[in-house]
Amino acid sequence: MFDIKLIRNNPELVRAAMEKRNAPVDLDTILAVDAKRRSAVYEMEQLRARQNQASETIARKKKNREDADDVIEEMKQIKEQSATLEIVVRQAEEDLQEILLSLPNLPDETVPFGKNEEDNQVIRHWGEPPAFDFEVKDHVDIAEKLGIVDFSRAAKIAGARFTLSLGYGAQIERALINFMLDAHTKLHGYTEALPPLLVNTPSVQGTGQLPKFSADLFKVDNTDYWLIPTAEVPVTNIHRDEILREEDLPKYYVAYTPCFRSEAGSYGKDTRGMIRVHQFNKVELVKFTTPETSWDELEKLTANAEYILQQLGLAYRVVNLCGGDLGFSSAKTYDLEVWVPAQNTYREISSCSNFTDFQARRANIRFRRDKKPEFVHTLNGSGLAVGRTVVAILENYQQEDGSVVIPEALRPYMGGLTQIPARP
RNA sequence: GGAGGGUUAGCAUAAUUGGUAAUGCACCGGUCUUGAAAACCGGCGGCUUCGGCCUUGAGGGUUCGAGUCCCUCACCCUCCGCCA
């Protein structure tokens, strides 16, 4: 959430930032609502001050057994005035809050200008896309031939955009989850978390999915529960409304969870296969840091996610998202895009972001070093999206006979299996 | 689902019949010291137009005035029931 003071003191900076995001805002309206709120608050505080004084007078008089009826009468009148003023103040505060919650984060200076994903900036490449001397198949064909993913039965059980993994398909997901969790806990210093998959409204508001993006989420009927779209939500909210100690920062968490997304508005995109589904597994990295270190921590977090792709021998590139493509809460995002042979292109498999103090402000996550508590910075990134990793492995490691070689790093997690054998 | 107890600042604990939140620890700053500790002084939730205002889990109500009384809700603890 935005600091209203920043808008008040430096509107040009905010205006420029929102333009960079391709999401211009009407700052004059915001400033007008703010001014209205401030004057109403001031007026009410004046009244309160008189109320408090009168109240003290009454208490004193009563103690001395003096008559206080005249002061009590005055208080009754003040009370009526403040009741109407209170409504004005409350309305103004709600108006301002609504606007502030709808504003996206300020993009960092290093975020490139641009409208959409075509303007994203490729930072670096790793690995070579494999060369095939046969016609490559896409992951759907490969998986169905191997009998490891059953899309039609998934549709029967749940509906379109669900998967049913079976046999080696289920096993490779479990192996990937364990491999990723082990790497991040044992090598990169993250604490493993297994959080709730249902969360309440304040949690979803804290990370920025609400109030604007409720259409992307699943809500449980007749409750205040939302299905998490990413582990970012429950894990970032671990420290909601807390004041951390400076010496406890940075805090690193890694969590495996299923993720649930309604994918409203994505009709016609990636309808086939397991690239875009309503439920998928993901291993998520989350950090809480001091403001000075968050940019370094973003580089390190991104490297931690890249490590997984490197170990799996999957070619990828790192992309710096442009202003127009940046997520609502993010100040800067690196997407890791893995090579997908059947599409002859790179597809997102991880998104690593620095949210600066945007989420911390919403979720009230602070730390103390001198006397005043300060907002922490929060970061997160997929490390990695498991379903899409399976897609990448199936397509990049496919063999002409229909079998799929298991990347070496994963074999210990597959009971030493070296390939998923082709079926006759 | 039922019964009872609880929620006060970073933590821990107070607050006569309703009179406007006290104290300890931790932490920060200062005095003192060669340095530190101790002691002492100040600070130690948010906002502020620097006059003040707000803050006792959340939201209502009664009252001139609510931590305190009433109602609704959330969460935590104990027990019963049900349950993987």
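Just so it is clear: chains get the letters A, B, ... in the order the sequence lines come, proteins before strands, and each one is counted from 1. What you see is a predicted model; the values in this text were computed from it and never measured. Basis for what follows: all heavy atoms, side chains included, without hydrogens, waters or symmetry-related copies.
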Quick one: look up who U8(B) pairs with, Watson-Crick or G-U, both distances under 3.5 Å, and put none if it's unpaired.
none

Look at Asn52(A) and C53(B) and indicate whether a side-chain polar atom (N or O) is within less than 4.0 Å of OP1 or OP2.
yes

If I take atom CD in residue Glu246(A) and atom C1' in nucleotide C28(B), what distance separates them, rounded to the nearest angstrom?
12 Å

What's Lys5(A) touching, base or sugar-phosphate or nothing? Going by heavy atoms closer than 4.0 Å.
sugar-phosphate

Pair assignment for A39(B), Watson-Crick or G-U wobble, requiring both distances under 3.5 Å:
U31(B)

Rounded to the nearest 0.5 Å, what separation is found between the OG1 atom of Thr201(A) and the OH atom of Tyr225(A)?
11.0 Å

Only pairs with both distances under 3.5 Å count, Watson-Crick or wobble alike; so what is the partner of A84(B) in this structure?
none

When we call it a touch if two heavy atoms are under 4.0 Å apart, what does Asn200(A) touch: a base, just sugar-phosphate, or nothing?
nothing

In whole angstrom, give the distance that lies between atom CZ of Arg50(A) and atom C1' of G52(B).
15 Å

Output the rounded distance in Å from CD (Glu86(A)) to P (C54(B)).
10 Å

Can you tell me the distance, in whole Å, between the CZ atom of Arg368(A) and the P atom of C11(B)?
10 Å

Checking Ser329(A) against Asn105(A) for the side chain to side chain donor-acceptor pair (under 3.5 Å) test, could you report, in this order, the C-alpha distance in whole Å, the side-chain angles of both residues, the deciding distance, and whether it holds?
CA-CA 5 Å; Ser329(A) 304; Asn105(A) 199 359; over 6 Å; no

Residue matched to A15(B) through Watson-Crick or wobble contacts both under 3.5 angstrom:
none

Pick base, sugar-phosphate or nothing for Arg361(A), based on heavy-atom distances below 4.0 Å to the nucleic acid.
nothing

Which side-chain hydrogen bond (donor to acceptor under 3.5 Å, both in side chains) pairs, counting each pair once, include a residue from residues 381-396 of chain A, with sequence neighbours left out?
His139(A)-Glu395(A)

Side-chain N or O of Lys79(A) closer than 4.0 Å to phosphate OP1/OP2 of C64(B)
no

Euclidean distance, atom CG of residue Leu198(A) to atom P of C75(B) [Å, nearest integer]
13 Å

Based on the glycosidic angle (syn within 90° of 0, else anti), state the conformation of G57(B).
anti

Just checking Ile58(A): base, sugar-phosphate only, or nothing, at a heavy-atom cut-off of under 4.0 Å?
base

When you match Tyr42(A) and Met75(A) each to their closest nucleotide on RNA chain B, which lands nearer the 5' end?
Tyr42(A)

Residue matched to C69(B) through Watson-Crick or wobble contacts both under 3.5 angstrom:
G61(B)

Any-strand Watson-Crick or G-U partner of C47(B), both distances under 3.5 Å
G52(B)

Return yes when atom NZ of Lys156(A) has more than 12 non-hydrogen atoms of other residues, nucleotides or ligands closer than 6.0 Å, and no otherwise.
no

Quick check: on RNA chain B, is the nucleotide nearest Glu56(A) upstream (toward 5') of the one nearest Arg38(A), or the reverse? Name the residue that is more 5'.
Glu56(A)

Whom does C79(B) pair with, Watson-Crick or G-U wobble, provided both distances fall under 3.5 Å?
G2(B)

Phe280(A) and Val277(A): which non-hydrogen atoms are nearest, and at how many Å?
CB-CG2, 3.9 Å

Value in whole Å for how far the C1' atom of C54(B) lies from CZ of Arg37(A)
12 Å

